[in-house]
Protein chains: 2
Amino acid sequence: MEQAARRSTIADVARAAGVSKAAVSFAFNTPERLSAETVSRIREIATTLEYRPDPVARMLAQRRTWTIGILTPQGLDVIFTNPYFGEFTAGVATAAEAAGLAIQFISPLHGSLTRAVDRASVDGIITVGLGADHPEVGQIRRSGLPFVVVDSTGLPDEPAIEVDDEGGARLAAEHLVGLGHRDFLVIGIEPPSATSGLEPAGVTARRLRGYDAGVAAAGLHLTEDDMVVGPASMEGGTDAFRRAWAAGARPTAVLVMSDAMAIGAMHAARDLGLRVPEDVSIIGYDDVDVAQFTDPPLTTVHQPIRQKGEEAVRLLLAGGRHRDEGSLEQQLLETRLVVRGTTARAPRGRGEVVDDGR
Amino acid sequence: MEQAARRSTIADVARAAGVSKAAVSFAFNTPERLSAETVSRIREIATTLEYRPDPVARMLAQRRTWTIGILTPQGLDVIFTNPYFGEFTAGVATAAEAAGLAIQFISPLHGSLTRAVDRASVDGIITVGLGADHPEVGQIRRSGLPFVVVDSTGLPDEPAIEVDDEGGARLAAEHLVGLGHRDFLVIGIEPPSATSGLEPAGVTARRLRGYDAGVAAAGLHLTEDDMVVGPASMEGGTDAFRRAWAAGARPTAVLVMSDAMAIGAMHAARDLGLRVPEDVSIIGYDDVDVAQFTDPPLTTVHQPIRQKGEEAVRLLLAGGRHRDEGSLEQQLLETRLVVRGTTARAPRGRGEVVDDGR
DNA sequence: ACGGTCCACTAAACCGGTTTGCTAAACCGC
DNA sequence: GCGGTTTAGCAAACCGGTTTAGTGGACCGT
């Protein structure tokens, strides 16, 4: 991929029009500083010369790139095929487009996220799923770039967008308890890399706490031991359910932390001869678009995914301050239960009986 | 979003180290031009000063942005939520990452694709679903930027990646004909904007021709009149099927040009009380990941989506020339039929009988 | 002692724009 | 006709790097 053919520059236009470079710049950016005739003459010449200001030179001179970055610890290949990320990004894109901003994805470059951050030319960054105490967030903080963290509790006084993960998870568990379920399996999202286990500020930990709070009404207690984790994809869900089954788990209800995984788990359950929801209830998380289109439609916890994206850029543009002037910089969005077709009353006479047999 | 705090520049490092700016530059880019001690001294000072080369300044000086653009006529919000695009982009991202390149999305800015192209700072462009005769492609061609067109026949001698759309479609139709179907509905992808109708070089037209060729064996003929179109999303598919049904169509088989739409159509069919595949067979196109996870799993035409993305960047990097030196610049990738669970023998005694009654 | 090579490094031009004084002419009221 | 204000446009600095041409000194063989 070699260089583009030589294109006309601002100097060419200036020469052709017999004016200074400054005048050409004015003609496009602040035409009111020039007489009307001069402006139109310069513009005409620019058109015939097919002049187009070099965006990079402009960025350097203005020290603005008109671009915001989305920072994720996962690789781009998983981002783009994950419906949750897709919808989140769509939200970001919508708000960015409205503000005339481009978006750039910042994800590990040759395995190094730090390097990727260094190479990114952006005016601000939205981090998603990255704890405020992660080294890369520290790197951004030191660099002085404005940023907003999403899906991870921010440091106090730093802008963040969160949803009520715990509350939503509790609703899900309570729903199943109400249907008579007592044998649960939790399918969780694997932490991005094997850095640490369950960070308490992480999404996975928060949702697990919510599930646990929900089953407490039935006198039950859920811990990491009742959970199997995997990547947040359909394959990941299939695989997680199979592993749990192979390890002897015989739940009547499965609490899944992502819709994609829930769809995969449903598939795996059916492969094993289980009917959904008659034999096993499954409840997802996120309420992505596709959740309405599964068969039966997926019961899940709704969170305003696109809205998160839009709010994140608003917050970024506002410099961390809220629209209603000076209010808190941390925003907690609501979640709610959406009951559709994958949950039903617990099958009778199970739970106590079969749990170890084979 | 104001400017970042002042960061140290190459001049600061040079001053602190008592060397010239050039030396600092060399220390990072061509260390062999300096003595080992000098290099390490400069690097140390750079580290303590938290120096990080400004990527924009570097781009300007090198006249390379290390970025490739993906140009689509659709808005980013539809791109990111469309599984086909997601997988294609994942392919691009994989190959780009390997080459140390970032990717940037170029899509209509405030409604203007031309403006978006002007503002993009990229070294090369991959256009997807945009005819080689479109004005924006002309714009790119004139600008001298290398580019590759995907999903649209390129001009001769211009690099392009295509799949055998027509052949795949034919396979799909033949499969259904072989199962005894005679009453077809085609659900097509709506052209990006209302620019023109069916351009013969477009994906939709090619697939339609393939379907038509496939049913020809049964003495049938398919035209645009047998087709209903909509946006390439699940909702689009649901909507399209409903419209067709409301207009009196009573097909025993539906040929859908996108998996997302096929899933939507399946949903709509069931809402209308139809069983899939007993009452109506449905066949998609693309074989996106989710196609394996529908219930029943979707019969569809496979195309190598990710591979298209990877090949596109390879071709771009090779400057349009193929790896095996000098061969043709146009690549035609294969499609194949994947029979899963949404197609079955045509229901008996239908077709001739019910077609108008109610 | 001398010209020639190498080595390690520097000075300055350059990339292509924006922006900040500044100036010359036009315009103004009186 | 004169000081004061606008207006229209220019020259030059600047953004922060890369890259080219060049320089001074050490080293070398004779």
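Listed pair Arg58(A) / dT18(C) meets the phosphate criterion, a side-chain N or O lying under 4.0 Å from OP1 or OP2. Regarding contacts with the backbone of dT10(C), a side-chain N or O of Ser20(B) is found under 4.0 angstrom from either OP1 or OP2. Dashed line: the shortest gap from a side-chain N or O of Tyr51(B) to OP1 or OP2 of dG17(D) is under 4.0 Å.
Using bins of under 30°, 30° to 60° and over 60° for the plane-to-plane angle, the ring pair Phe80(A)/Phe105(A) lands in the perpendicular bin.
Within residues 26-42 of chain B, the residues that place at least one heavy atom under 4.0 Å from DNA chain D are, in residue-number order, Phe26(B), Asn29(B), Arg33(B).
Counting heavy atoms from C-beta outward, Phe26(A) and Ile42(A) have side chains that stay 4.5 Å or more apart. In this structure, the side chains of Thr114(A) and Gln139(A) come closer than 4.5 Å at one or more pairs of heavy atoms.
The 5' end of DNA chain C is approached more closely, in terms of each residue's nearest nucleotide, by Gly18(B) than by the other of Ala57(B) and Gly18(B).
Side chain of Gln104(A) to backbone of Ala120(A): no donor-acceptor contact under 3.5 angstrom is found. The backbone N or O of Val78(B) lies less than 3.5 Å from no partner atom in the side chain of Asn82(B), so there is not a single donor-acceptor pair.
Rounded to whole Å, the distance from CE on Met59(B) to P on dT18(D) is 12 Å. Going from atom CD1 of Ile10(B) over to atom C1' of dT10(C) covers 13 Å, rounded to whole Å. Atom CG of Leu60(B) and atom P of dT19(D) are 12 Å apart (whole Å). Per the geometry, CZ belonging to Arg15(B) stands 20 Å off P belonging to dC9(C), to the nearest Å. Rounded to an integer number of Å, the gap from CD of Gln62(A) to P of dG16(D) is 14 Å.
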List the steps and the verdict of side-chain contact (heavy atoms from CB on, under 4.5 Å) for Asp123(A) and Leu101(A).
CA-CA 10 Å; Asp123(A) 294 336; Leu101(A) 266 25; 5.9 Å; no

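A donor-acceptor contact under 3.5 Å links the side chain of Lys21(A) to the base of dG17(C).
Among the protein residues, Val19(B) comes within range of the sugar-phosphate backbone only, with heavy atoms under 4.0 Å from sugar or phosphate atoms but none that close to a base. Ala22(B) comes within 4.0 angstrom of a nucleotide base, judged by non-hydrogen atoms across all strands.
Ion pairing between Glu310(A) and Arg306(A) fails under the 4.0 Å rule for side-chain N and carboxylate O.
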